[in-house]
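The block underneath contains the structure these notes are about, expressed in structure tokens.
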Amino acid sequence: MSKYSQDVVRMLYENQPNYISGQFIADQLNISRAGVKKIIDQLKNDGCDIESVNHKGHQLNALPDQWYSGIVQPIVKDFDSIDQIEVYNSVDSTQTKAKKALVGNKSSFLILSDEQTEGRGRFNRNWSSSKGKGLWMSLVLRPNVPFAMIPKFNLFIALGIRDAIQQFSNDRVAIKWPNDIYIGKKKICGFLTEMVANYDAIEAIICGIGINMNHVEDDFNDEIRHIATSMRLHADDKINRYDFLKILLYEINKRYKQFLEQPFEKIREEYIAATNMWNRQLRFTENGHQFIGEAFDIDQDGFLLVKDDEGNLHRLMSADIDL
């Protein structure tokens, strides 16, 4: 792909639904009109639906289901918590990529990929990350906070992700404590938070997020179809990935600032109202110990309070929970 392709696709995208002339593009990039035509032809070959009309120019009608860094970059620059981005067609795992990118890097950054071949979630479970269907990303942040605050990070970010998905969903979006996102009885998003630290300070938080965005029923295999859903299945139309990314980063950025500036107590009632676990008998697994119980509250530190079927009280910092 030409080094100017990302600039061209960005200009076409930002000028939708208008035509822009080859001469205008050439002037902006200081290249020839023949060079512009070559780039446009290549973009068409790559799957971009571009209409080219003599004396009018080029109009972008639709993009293929992939990320273009030229469009992502202007979105990300609006957020002061992200210094740089890396966009890939396919990776084993954005979380693994992020860990490798941390070496010798003091920045906050975003890793975004069209596909993960070895995506994983909490408890090292496989996360199906099919090409072009979802949003697979890892966000590396640099909070200057004590270790004790890290468990609460998930709770703030879960609200941000929930808020973003809700803006596209016709149905209620809820949180399964601490950080899974559901619509009804099916999971739409999970995220995994890992910490990089030395003996006296946190160097980085790596937040891996997987969101089923434009899957239809047939995109889920038999193993997960009964437990997985997507934004598309609860919306009126296909989700514009760039519109959603912009809103998602906005909501995450807002909640991240809250996390840095406010105690969990400030959002506790909001989080409780967003949670889908109340008044239900559930199976909890913590450190290999399994029990049946009912969650009845979340305390000011973000711990889940549960009474088991024998009347014992449990204060959970993290657990595997079967809805």
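Sequence positions, counted from 1, serve as the residue numbers for this chain. As the structure is a computational prediction, the values presented were derived from the model and not from experiment. Just so you know, these numbers use all the heavy atoms, side chains as well, and skip hydrogens, waters and symmetry mates.
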H234 and D171: CA distance, side-chain angles, deciding distance, side chain to side chain donor-acceptor pair (under 3.5 Å) verdict: CA-CA 6 Å; H234 299 271; D171 302 302; 2.8 Å; yes
Trace of the side-chain contact (heavy atoms from CB on, under 4.5 Å) decision for L304 with F284: CA-CA 11 Å; L304 186 68; F284 299 84; 3.9 Å; yes
Go through the steps for F244 and F168 under the test ring pair (Phe, Tyr, Trp, His ring centres under 6.0 Å), then give the verdict. CA-CA 8 Å; F244 176 62; F168 291 79; 5.4 Å; yes
Tell me, with the steps shown, if R255 and E261 meet salt bridge (charged side-chain N to carboxylate O under 4.0 Å, His left out). CA-CA 10 Å; R255 296 297 183 174; E261 298 168 1; over 6 Å; no
Kindly determine whether R315 and D301 satisfy salt bridge (charged side-chain N to carboxylate O under 4.0 Å, His left out), including the steps that lead there. CA-CA 10 Å; R315 184 172 182 260; D301 295 317; 3.0 Å; yes
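At a threshold of 4.0 Å, the pair K133-E115 does not count as salt-bridged, since none of the basic side-chain nitrogens sits closer than that to a carboxylate oxygen. Of the charged side-chain nitrogens involved, none lies within less than 4.0 Å of a carboxylate oxygen, so that D83 and K77 do not count as a salt-bridged pair.
Using the six-membered ring where Trp is involved, F291 and H314 have ring planes that are parallel, under 30° apart on the 30 and 60° scheme.
Defined by atom type and a distance below 3.5 Å, a donor-acceptor pair is present between the side-chain atoms of K44 and S52. Between the side chains of D46 and Q42, a donor-acceptor pair is found at a separation under 3.5 Å.
The six-membered or imidazole ring of Y242 lies near that of W67, with a centre-to-centre distance under 6.0 Å. Aromatic ring centres of Y68 and Y13 lie farther apart than the 6.0 Å criterion allows.
Across all their heavy atoms, L141 and S81 have their closest contact at CD2-O, 3.7 Å. The two atoms that bring I206 and S138 nearest to each other are CG2-CB, 4.3 Å, heavy atoms only. When all heavy atoms of R241 and M213 are compared, the closest pair comes out as CB-CE, 3.7 Å.
Panel note: side chain D320, backbone T285; no donor-acceptor pair is recorded below 3.5 Å. The backbone N or O of D299 sits nowhere less than 3.5 Å from a side-chain atom of D297 that would complete a donor-acceptor pair. Remark: side-chain polar atoms of R162 are not paired, donor with acceptor, to backbone N or O of I175 under 3.5 angstrom.
Under a cut-off of 6.0 angstrom, the local environment of CG in N170 is crowded, with over 12 non-hydrogen atoms contributed by other residues, nucleotides or ligands. When the shell of 6.0 Å around CG of D309 is examined, it contains more than 12 heavy atoms from other residues, nucleotides or ligands. Taking a 6.0 Å sphere around CE of M317, one finds it holds 12 or fewer heavy atoms contributed by other residues, nucleotides or ligands. Other residues, nucleotides and ligands contribute more than 12 heavy atoms inside 6.0 Å of the NZ atom of K254.
In this structure, R225 forms no cation-pi arrangement with F220, as its terminal cationic atom is not both closer than 6.0 Å to the ring centre and no more than 45° off the ring axis.
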